[in-house]
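Here is the structure we will look at, set down as structure tokens.
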Amino acid sequence: MHNIKINAVRLSLTDTLYSGQSFMWNYLYDNRNISAGILCDTPVLISTESTEEIEIICASSWMGEMPPEEFFPDYFSFDVDVRNAFPEKFTFRYPCVWEQLQKYFSLRILRQDPFEAMITFMCAQGIGMRIIRNQVSLLARTYGKRYDIMYRDRPLTLYGFPSPVLLAGCDPLELSICTNNNRTRARNIILASRAVAEGNVDFNALRDDNIPLEEVRRRLCELNGIGLKIADCIALFGLGRFDAFPVDTHVRQYLAEWFGSTAALRPLTPSTYLTLDAEARTIFNPALAGYAGHLLFHCWRKEVKKLRWF
DNA sequence: CCCCAGGCTTTTC
DNA sequence: GAAAAGCATGGG
């Protein structure tokens, strides 16, 4: 048993909380009312027993500096009003989309640990959500720090997300057990972890909002296995760059179907990607384009594609 | 055996 | 330069 301080905070919500970053909540533990995830290499429990309140229990030391009441609102980006992501004309130009979107306004994008965001999205190339979450879960269980805590008089085991140094020292063949048996992906993750561990990729520097998004992309795309889409995901979920608009297969689909984009009918080459990126900034408020896109992403997957897996 | 999944890299025109 | 093909793996 580790000796861990438990910090708890209750936050009020207007509706059910959806995950801002799809891998967050369920990859360690899940039943009806309790989900567990990783927060800055620390396990976090989320309890949603009512639709108005969630309880967060964080077994962490890093929060010693910052009271949970201050940290979590920032983590859940409660400072962002998602409706500002949509210009006024959106409501009458796309009334059907607007109507379907209503129940997704409680969805939050998390200001997540950038390294975790980087690795989890590197696990997300051309495979389904279910497999992606299995990979992240395996990474945590195999290489993450173990925490044994008591929750409501019940023992509960959680695993933190492994550090850059730890993943940097992994053997590719061994790590590939956690990457869907894909050795190329395992090798890329090791190299990227090394780049972070050695400071060649400095997330603290990239956090600076004065750095243009193009520059952030350029730096991240220098790494093997990271292209425009994953770079944008790291920016959006890991660097709090809510203007970053990742375009994946689902986003491409709804841009064509809902917004009549002809470019979205073409294969998603880098050229097409940048065209769609520019188009999105004319549909949404550019400063929050990625935030808007993420709501639509979940809305499309669930309402239209009828997908169960987040 | 087909197609799809929160793409990226290399080759070819 | 940009489009096309190649790559890698499990699930439906």
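Throughout, protein chains are lettered first and strands after them, A, B, ... in sequence-line order, and every chain is numbered starting at 1.
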Whole-Å distance separating the [atom1] atom of [X] from the [atom2] atom of [N]:
{"X": "A:Arg133", "N": "B:dA5", "atom1": "CZ", "atom2": "P", "result": "17 Å"}
{"X": "A:Tyr273", "N": "B:dG6", "atom1": "OH", "atom2": "C1'", "result": "10 Å"}
{"X": "A:Leu220", "N": "B:dG7", "atom1": "CG", "atom2": "P", "result": "17 Å"}
{"X": "A:Lys302", "N": "B:dG6", "atom1": "NZ", "atom2": "P", "result": "15 Å"}
{"X": "A:Ile230", "N": "B:dC8", "atom1": "CD1", "atom2": "C1'", "result": "8 Å"}
{"X": "A:Trp300", "N": "B:dC4", "atom1": "CH2", "atom2": "P", "result": "14 Å"}
{"X": "A:Met122", "N": "B:dC8", "atom1": "CE", "atom2": "C1'", "result": "10 Å"}
{"X": "A:Phe297", "N": "B:dA5", "atom1": "CZ", "atom2": "P", "result": "11 Å"}

Touch check for [X], heavy atoms < 4.0 angstrom, all strands: base, sugar-phosphate only, or nothing?
{"X": "A:Gly227", "result": "sugar-phosphate"}
{"X": "A:Leu268", "result": "nothing"}
{"X": "A:Gln135", "result": "nothing"}

For the backbone of [Y] and the side chain of [X], can you confirm whether one donor and one acceptor N or O come within less than 3.5 Å of each other?
{"X": "A:Arg183", "Y": "A:Ser176", "answer": "no"}
{"X": "A:Tyr254", "Y": "A:Leu296", "answer": "no"}
{"X": "A:Arg108", "Y": "A:Ser77", "answer": "yes"}

Carboxylate-amine/guanidinium contact A:Arg281 A:Asp277, below 4.0 Å: yes
Hey, is the side chain of A:Gln125 poking within less than 4.0 Å of OP1 or OP2 on B:dC4, counting only N and O atoms? no
Please verify the inter-ring angle class for A:Trp300 with A:Trp258; under 30° counts as parallel, over 60° as perpendicular, anything in between as tilted. perpendicular
Please check if any side-chain donor atom of A:Thr179 sits under 3.5 Å from a side-chain acceptor atom of A:Gln135, or the reverse. no
Can you tell me if A:Arg133 and A:Ser137 form a side-chain donor-acceptor pair at under 3.5 Å? no
Taking the six-membered ring of A:Phe105 as reference, does the NZ or CZ atom of A:Arg83 fall below 6.0 Å from its centre and within a 45° cone about the axis? yes
Contact residues, residues 178-187 of chain A to DNA chain C [heavy atom, < 4.0 Å]: A:Asn180, A:Asn181, A:Asn182
Using the P atom on both, measure B:dG6 against C:dA4 and round to a whole Å. 25 Å
Spacing of the C1' atoms in B:dA5 and C:dA3 (rounded, Å): 23 Å
Given that A:Lys305 and A:Asn188 both sit by DNA chain B, which one's nearest nucleotide is further toward the 5' end? A:Lys305
Assert: residue with more 5' nearest nucleotide on DNA chain B, out of A:Ile127 and A:Leu228, is A:Ile127
For A:Arg111 and A:Asp79, what are the C-alpha separation, side-chain angles and deciding distance, and is it a salt bridge (charged side-chain N to carboxylate O under 4.0 Å, His left out)? CA-CA 11 Å; A:Arg111 290 191 172 95; A:Asp79 53 304; 2.9 Å; yes
Considering only distance and modelled atom types, tabulate donor-acceptor pairs under 3.5 Å from the side chains of residues 186-200 of chain A, sequence neighbours left out.
{"from": "A:Asn188", "atom 1": "ND2", "to": "A:Thr184", "atom 2": "O", "distance (Å)": "3.4"}
{"from": "A:Ser193", "atom 1": "OG", "to": "A:Ile189", "atom 2": "O", "distance (Å)": "2.7"}

Interface limits on DNA chain C, where chain A has a heavy atom under 4.0 Å of a nucleotide atom: C:dA3 to C:dG12
